[in-house]
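Right, one structure below, let's go through it.
Just so it is clear: chains get the letters A, B, ... in the order the sequence lines come, proteins before strands, and each one is counted from 1.
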2 protein chains.
Amino acid sequence: MTRRITLRDLATETGLSKGTVSRALNGYPDISPATVARVREASERIGYRPLALAQSIRTGRSRSIGLVLQMEQHDAQRPFLAEFLRGITRAASAQDWTLTVATAESEDEGLETYLRLITERKADGFILPRTLRQDPRVALLRDAGFPFVLFGRTEDSTECAWFDIRGERAMQQAVTRLATFGHRRIAFIGADSIYTYATKRLDGYRTGMTEAGLSPCITTGHATAEDGAAALEALLDGDAPPTGVICATDLLAVGAVRSCRARGLKVGHDISIIGYDGSREGQAMEPPLTTFAVDQVAAGTRLAEMLIARIGGTDPHELRETADAVLREGGTDGPPPGN
Amino acid sequence: MTRRITLRDLATETGLSKGTVSRALNGYPDISPATVARVREASERIGYRPLALAQSIRTGRSRSIGLVLQMEQHDAQRPFLAEFLRGITRAASAQDWTLTVATAESEDEGLETYLRLITERKADGFILPRTLRQDPRVALLRDAGFPFVLFGRTEDSTECAWFDIRGERAMQQAVTRLATFGHRRIAFIGADSIYTYATKRLDGYRTGMTEAGLSPCITTGHATAEDGAAALEALLDGDAPPTGVICATDLLAVGAVRSCRARGLKVGHDISIIGYDGSREGQAMEPPLTTFAVDQVAAGTRLAEMLIARIGGTDPHELRETADAVLREGGTDGPPPGN
DNA sequence: GAACGCACCGAAACCGGTTTCGTCAACCAC
DNA sequence: GTGGTTGACGAAACCGGTTTCGGTGCGTTC
């Protein structure tokens, strides 16, 4: 373990003072270009790397991205967390940032955790996953004047930077796809509308149905596979059972498929089911679920980049992006029976 | 944003000097018990919390646990990462520690990442997931004299602290279970033997077979679901096709089940399959996979606690624990046909 | 009663950086 | 030639802690 190379080392190496070297590296205007170049070169040569935490004690910045995972229901089952983290950390380490992760068991504990991370300066900003339509975290961070980036929008996005997947477009595509197959009774099994994504996806379904000239059939507020199964049961027991079903999440779709099987319906033939997420459970099924896959690595990458920019002072209005989920054709959908 | 409560505040509050207060809080022997109590009380009262990063600049400790995820093949597909993180962060934050996560695309990049985190003091120690039999990370950290805890053992565990799940016992149980059902030809589809867990599980299978007085039938080196499917194909095409199959991972089992279905075999009836992991894919299947589930939250919790103890100076020999995977009965196994 | 040892605490240096402030020389205008 | 800017840097304070060092008051000892 050789001693770290410190700023003082760089100072003696260049024959300058500590302060001058520091300002040279940080782009202060009162250092001559020649000196800046000299310092840069020497820094490179002897392999100087500033100690982020030493900087942070004065600057208040720790070069670290915060991510708080709320472990209630949904978040506990994040199949793509690894991919998401990969995206974040890749973008972060490219700029010498790191990722600090915390978890919370409830919403309240989550909010406390944000405050704790802020006061302990463990993070300079946060990525907020799985936004709610009315999100208390947004209120909290906005009040605290602390930078953040949303993964998904909220109802009131004033002064917010966000990155979102156009789930509404995917759902619309799903309707179009089924309608083109010849389906006329297409139902939607939706998630809990406290989540923004849930209402967005529902909107997309509605739009698609209107476009296709069909009348919607909607049930919402579902979360688990069991919910999905129950919802489909109810639909099939109704007056006009659907021939096509679009689910807001793969989890719901998996449940729906299960209850079809229980009734002896051949999915993809007797009934069509489309999900959303591109989850592994969906792909492990036989036949694999037709679904819309989200590139979680890309999402994480962009979110991290945007957050770092936001922390750097970029206007939040410039930090708003969307990406599309892409159709992954499986074997759970097709023409309706009799076509 | 009110200003942080700093050590100086606490000093003026108690009428002591900064240094004395610091030593009082850190248990130095040259402070009278009365003073220590007084400082503790005042600290509690005004809500003082030391700024970890400020401490760390002098002490070299950042009160942070490091976790590097290697994203090659396996790790990218960690269904339980959220659970694992939950365990870690819960134990960590209970002692005012945090978790720093990084990812790496390859082994080499992984090793570099460890060095980077060490020199930047982003972590005081590491949890090493998914250990190899011969693990270069162990060599690296041991050389650097940096504390770590293994999730799983390595071949050479000298001076190592570890936590492991007794996969061998689970596999042995699996054999016993199938043998009790009446199976006599029980095959094993194993994973890549560079991983310790793979050889351990194989050992368990071997032990179980010997106990049951049966002769083993082994194929190893498999990773993906496709591998599992292909392995089972080969077994079924062999001279004495097995009636029971034990897979080292759920992923392999999912593949195996798939190829059974393709052949028209009814899993759980015509052939029995048991997995290991307790993965969501396995549970999403119809019928759900019989498997051995691992409590990832508990694993993360213990690993974090052990690492903190290790960093605190506890002898690694005292930090060695195992836990068992528990059988989760699904519908993919039962008596062999004709019983 | 002076010398000694010890328990207890304050002062100050220190960790590795950042930032403020002041200085000095060179340049400019008049 | 004088005064006022300006550019470029050094010195020193600072951030919030930790740790070393030294000094005080008190009880012992001879």
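- The salt bridge (Lys or Arg N to Asp or Glu O under 4.0 Å) pairs that include a residue from residues 19-38 of chain B are B:Arg23-B:Asp30, where partners are two or more places apart or lie in different chains.
- Residues in residues 49-60 of chain A take part in these side chain to side chain donor-acceptor pair (under 3.5 Å) pairs, two or more places apart or across chains: A:Arg49-A:Asp96.
- Checked against B:Asp164 for a salt bridge (Lys or Arg N to Asp or Glu O under 4.0 Å), the options B:Arg320, B:Arg130, B:Arg153 give a single hit: B:Arg153.
- A:Thr100 and B:Thr98 share no side-chain donor-acceptor pair at under 3.5 Å.
- Judged by distance alone, the side chain of B:Ser22 and the main-chain N or O of B:Lys18 form no donor-acceptor pair under 3.5 Å.
- Rounding to the nearest 0.5 Å places CH2 of A:Trp97 at 6.5 Å from CZ of A:Arg61.
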Contact state string [nucleotides 16-27 of chain D, B base, S sugar-phosphate only, - no protein heavy atom under 4.0 Å]: BBBBBB------
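- With hydrogens and angles left out, the side-chain atoms of A:Asp156 and A:Thr158 include a donor and acceptor closer than 3.5 Å.
- For CZ of A:Arg142, the number of neighbouring non-hydrogen atoms (other residues, nucleotides, ligands) closer than 6.0 Å is greater than 12.
- Under the ring-ring contact (aromatic ring centres under 6.0 Å, His included) criterion, B:Phe126 pairs with B:Tyr114, B:Phe146, not counting sequence neighbours.
- At a threshold of 4.0 angstrom between heavy atoms, the contacts of B:Ser17 include nucleobase atoms, whether or not backbone atoms are also involved.
- Two end axes, each from the C1' atoms of five base pairs, can be drawn for the helix from C:dG1-D:dC30 to C:dC30-D:dG1; they diverge by 60°, to 10 degrees.
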Protein-to-nucleotide contact annotation, 5' to 3' order, nucleotides 23-28 of chain C [B base; S sugar-phosphate only; - none; under 4.0 Å, heavy atom]: ------
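- Note on A:Leu53: nothing from the nucleic acid sits closer than 4.0 angstrom, heavy atoms only.
- Defined by atom type and a distance below 3.5 Å, a donor-acceptor pair is present between the side-chain atoms of B:Thr322 and B:Arg166.
- Contacts of B:Thr35 with the nucleic acid, taken as non-hydrogen atoms under 4.0 Å apart, involve only primed sugar atoms and P, OP1 or OP2.
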